[in-house]
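A quick write-up on the structure given underneath.
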Number of protein chains: 2
Amino acid sequence: MGNPNRDHEYLGKLQDYYTDYRSLPSYAVIGEMLGMASKSAVSALVKRLTLAGYLETTPDRRLAPTKRFFERDLADFNVPAGLPAAANDAMSEALTVDEYLIPRPSSSVLIKVRGDSMVEAGIHDGDIAVVEKRHSANLGEIVVAIVDGEYTLKELARDKQGYLLLPHNAGYEPIRPQEGLEIFGVMVGLIRKY
Amino acid sequence: MGNPNRDHEYLGKLQDYYTDYRSLPSYAVIGEMLGMASKSAVSALVKRLTLAGYLETTPDRRLAPTKRFFERDLADFNVPAGLPAAANDAMSEALTVDEYLIPRPSSSVLIKVRGDSMVEAGIHDGDIAVVEKRHSANLGEIVVAIVDGEYTLKELARDKQGYLLLPHNAGYEPIRPQEGLEIFGVMVGLIRKY
DNA sequence: AGGTTAATCGAACGAATGTTCGGCTGTCAA
DNA sequence: TTGACAGCCGAACATTCGTTCGATTAACCT
């Protein structure tokens, strides 16, 4: 072959570039970066990396990194033997916490929780709730509702008299909305910092 | 003006797109996405978003998101009554979820919580703990400790007999390490997904 | 040695890119 | 009402994009 396979090295430089700019350069610039004089060489490289699963083409024909693009060498991890199940399985395919918690940024809002009416559901004062804006919710979901002009975080429930909002704290009473119940959004995640 | 300022809405759609593809579309595609018929409108929008600090241009003239692009609006819970749509006005600050939770990536580990020994501290089975690797901890901190070769998440405490690990669940007994107590790290954050 | 194949070069090409400028329209303040 | 102005349209434009194809080079195989 013309050369030992330097694709891994090339990939590394692309990863560095993307880390710096959150964007991939054009073929011309890639060639410059990697020391290639022709764009056709870059084109071939891109084909190889695409085949290997590191790059892909968006529906509108733009070059974009795949999830695998962000994989790091296992050697970097240096895991002590017997580490408790690291959260890789939980985070599954997400590369960042942000992506894990917020799949649809435009319809999600972060809301700081005030009060202790939900402590028994593991939601404390000062926690941050990830709320997906919706006007409907299922029973049993934790929702941000607007009751008498005030925002409140409770579990959505219903009995024979209609909908009601359940706190998760023995010291609080369920709320029965007087005039209509308006749902602001549904809680889909929780963030806490110690 | 020709229109109320919809830039925030436009930004949201760009964020959604980038979340899906890790790449920004061309002006033509942006226009399609946002319902603009002319690329010049997109060009103007990009200028506005660049001025506002959400976008930037790489050294080789490619459009790229900035760090601020990934910030999320954080609303406080007791927002004054008003139209639900007006809630965006009540944003107090903005933060990036990753930086907020993981200030020191190289020394932090995500660990999935197993069991219910800490439920009364609002830590449930299946939650993900953000753990900062350290070999020492202060009393009262929640730590990942290694006891008899097993990893466990508990509060660090001490009495006249020495160190002990406190569960936060009435059904569990405190653990008194037999031979030495090894600290793996300290819990600094919590992530939960519903 | 001869043959094969992978990686690159160099040049040419049509398609797509982002910029620019004049004109239109709806909103706001005076 | 009038004027200013922000947002958008539409078209023209030079630049840059990524693709393609034939030729060249170097490692590997038999």
Side-chain angles (χ1 to χ4, degrees), chain A residues 1-18 20-66 68-69 106, chain B residues 1-18 20-66 68-69 83 85-86 88-89:
Chain A
M1 308 160 193
N3 242 346
N5 196 316
R6 297 175 59 186
D7 284 2
H8 193 268
E9 172 195 344
Y10 294 155
L11 176 60
K13 294 197 178 178
L14 284 180
Q15 288 169 331
D16 287 348
Y17 186 97
Y18 191 91
D20 285 347
Y21 300 113
R22 293 161 294 278
S23 147
L24 290 175
S26 71
Y27 283 26
V29 174
I30 293 179
E32 222 172 279
M33 270 173 46
L34 306 183
M36 291 173 172
S38 73
K39 288 187 291 177
S40 56
V42 177
S43 182
L45 170 64
V46 168
K47 264 184 197 128
R48 271 174 270 142
L49 291 180
T50 302
L51 248 171
Y54 292 106
L55 296 174
E56 68 182 349
T57 300
T58 68
D60 40 293
R61 299 214 197 149
R62 290 232 143 169
L63 197 58
T66 63
R68 174 174 298 178
F69 182 86
S106 66
Chain B
M1 310 159 195
N3 243 346
N5 196 317
R6 295 176 59 185
D7 284 4
H8 193 270
E9 172 195 343
Y10 294 154
L11 175 61
K13 293 196 180 177
L14 284 180
Q15 289 170 329
D16 286 349
Y17 186 98
Y18 191 91
D20 285 346
Y21 299 113
R22 295 161 295 279
S23 148
L24 290 175
S26 71
Y27 284 25
V29 175
I30 293 179
E32 223 172 278
M33 269 173 46
L34 306 184
M36 291 173 173
S38 73
K39 287 188 290 177
S40 56
V42 177
S43 182
L45 170 66
V46 168
K47 265 186 197 126
R48 271 176 271 143
L49 291 180
T50 303
L51 248 172
Y54 291 106
L55 297 174
E56 67 183 352
T57 300
T58 68
D60 40 293
R61 300 215 198 148
R62 289 231 144 170
L63 197 58
T66 63
R68 173 173 297 177
F69 184 86
L83 299 178
N88 346 12
D89 300 333

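Below, read A as the first sequence line, B as the second, and so on, with proteins coming before strands; counting in each chain starts at 1.
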Seminar exercise, completed: Among dA7(C), dT20(D), dC9(D), the one nearest any side-chain atom of Arg48(A) is dA7(C)
Exercise. In terms of side-chain geometry, is the basic nitrogen of Glu56(B) or Arg22(A) positioned less than 4.0 Å from the acidic oxygen of its partner?
Worked result: yes
Exercise. Arg6(A) has an atom CZ; how far is it from atom C1' of dA6(C), in whole Å?
Worked result: 14 Å
Problem set entry | Nearest-angstrom distance from the residue atom CG of Leu45(A) to C1' of dC9(C) | 15 Å
Problem set entry | Any side-chain heavy-atom pair of Met33(B) and Pro25(B) under 4.5 Å | yes
For this session: Take atom CD of Glu32(B) and atom C1' of dT17(C), then tell me their distance rounded to the nearest Å.
Result: 15 Å
Problem set entry | Between P of dG18(D) and CG of Leu55(A), the distance in whole Å | 12 Å
Exercise. Aromatic rings Phe69(B) and Tyr18(B): how do their planes relate, parallel, tilted or perpendicular, breaks at 30° and 60°?
Worked result: perpendicular
Problem set entry | Atom pair distance, as rounded to whole Å: CG in Asp7(B) and C1' in dC8(D) | 12 Å
For this session: Look at the side chain of Ser38(A) and decide which nucleotide, out of dC9(D), dT19(D), dC9(C), has an atom nearest to it.
Result: dC9(C)
Exercise. OP1 or OP2 of dT19(C) less than 4.0 angstrom from a side-chain nitrogen or oxygen of Tyr27(B), does that happen here?
Worked result: yes
Problem set entry | Along DNA chain C (nearest heavy atom to each residue), the more 5'-positioned of Lys39(A) and Ala44(A) | Ala44(A)
Exercise. To the nearest angstrom, how far is Leu63(A) atom CG from dT17(C) atom P?
Worked result: 14 Å
For this session: Establish, with yes or no, whether the OP1 or OP2 oxygen of dT19(D) is under 4.0 angstrom from a side-chain nitrogen or oxygen of Ser43(A).
Result: yes
For this session: Could you go through the side-chain contact (heavy atoms from CB on, under 4.5 Å) check for Leu11(A) and Asp7(A) one step at a time?
Result: CA-CA 6 Å; Leu11(A) 176 60; Asp7(A) 284 2; over 6 Å; no
Problem set entry | Protein-nucleotide distance (Ile30(B), atom CD1; dT19(C), atom P), rounded to Å | 11 Å
For this session: Return the 5'-most residue of the pair Met36(B), Asp60(B) with respect to DNA chain D, ranking by each residue's nearest nucleotide.
Result: Met36(B)
Exercise. Checking all strands, does Arg61(A) fall into the base, sugar-phosphate, or nothing category for heavy-atom contacts under 4.0 angstrom?
Worked result: nothing
For this session: Would you mind telling me which of dC9(C), dG18(C), dA11(D) lies closest to the side-chain atoms of Arg62(A)?
Result: dG18(C)
Seminar exercise, completed: Ser26(A) has its side chain closest, among dT20(C), dC17(D), dC8(D), to dC17(D)
Problem set entry | Of the listed nucleotides dC8(D), dG18(D), dT8(C), the one nearest the side chain of Tyr10(A) | dT8(C)
For this session: Let me see the working for Leu55(A) and Leu24(A) under side-chain contact (heavy atoms from CB on, under 4.5 Å), right down to the final yes or no.
Result: CA-CA 10 Å; Leu55(A) 296 174; Leu24(A) 290 175; 4.0 Å; yes
